[in-house]
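Here is the structure we will look at.
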Amino acid sequence: MAKEAACSLDPALNHSMKESVRLYVREEGRHARELSKLLSAMGEPVIRKHRFDRWFRWSRRFFGLRPKMAVIAAAEVVGSTFYWVVATRVPCSHVAEVARAIGGDEDRHLEFQRYYFKRVLLMAAPIVRPMLALVLGTWFLVVLLGAIASVSIGHRKLFLALDVRPLQFAFLCVQRLRRLSTRPASIDSTGAELVT
Ligand SMILES: [Fe+2]
């Protein structure tokens, strides 16, 4: 995705935004390595593939960069909620610490996504803006529902062990999306990080 963003003609992606996407993708790779190390340290196998992976990959590749970013944003909402649930409910402090750190990064990723989509809409011609918002928003919600369902089902044993029902997880995702999308921005209109 970093390569696609680097070559993209999307006006919402200026040079620093493209660099941010590159770092964003790199950070996701770091998360995967950290989780892999954590599982290995616990003597647990690392799952390389999940049955929902193909669906997720297909939905990312279907339409191009903007819908792909929306798919990743939906995954961030579910990921942020998932790590928050693990961080607050798992009894092992080491696992909780890793989940808290990764969850914090996911929240920042969502902040970046919010900033990107704000730019996408701002840079669209006013006449197409409502339709673009409707299409991207609908796509985001469809993928979000699919991601919530797949994580709720795929990790049901973990959620049951943590005393979280699938519907409760879905509700927590919606609650987290609302909280993260309404909190004050930490990136200003130039893309610079605000000191809060
Ligand atoms: Fe992320």
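Order of listing sets the numbers, starting from 1, for every ligand and every atom in it.
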Does atom CG (Leu167) have a neighbourhood of more than 12 heavy atoms from anything else shown, all under 6.0 Å? no

I'd like to know if the side chain of [X] reaches the main chain of [Y], judged simply by a donor and an acceptor atom lying under 3.5 Å from each other, with no hydrogens or angles considered.
| X | Y | result |
| --- | --- | --- |
| Arg129 | Leu122 | yes |
| Arg89 | Asp163 | yes |
| Gln175 | Leu172 | no |

Please report how many protein N/O/S atoms lie under 2.8 Å from the Fe ion (ligand 1). 5

For Arg30 and Asp105, work out which heavy atoms get closest and say how close.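 So the minimum-distance heavy-atom pair works out to NH2-OD2, 3.2 Å.
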
Would you name the heavy atoms of Ser80 and Arg176 that are closest together and state the gap between them?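 Answer, listing the atom of Ser80 first, then Arg176: OG-NE, 2.6 Å.
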
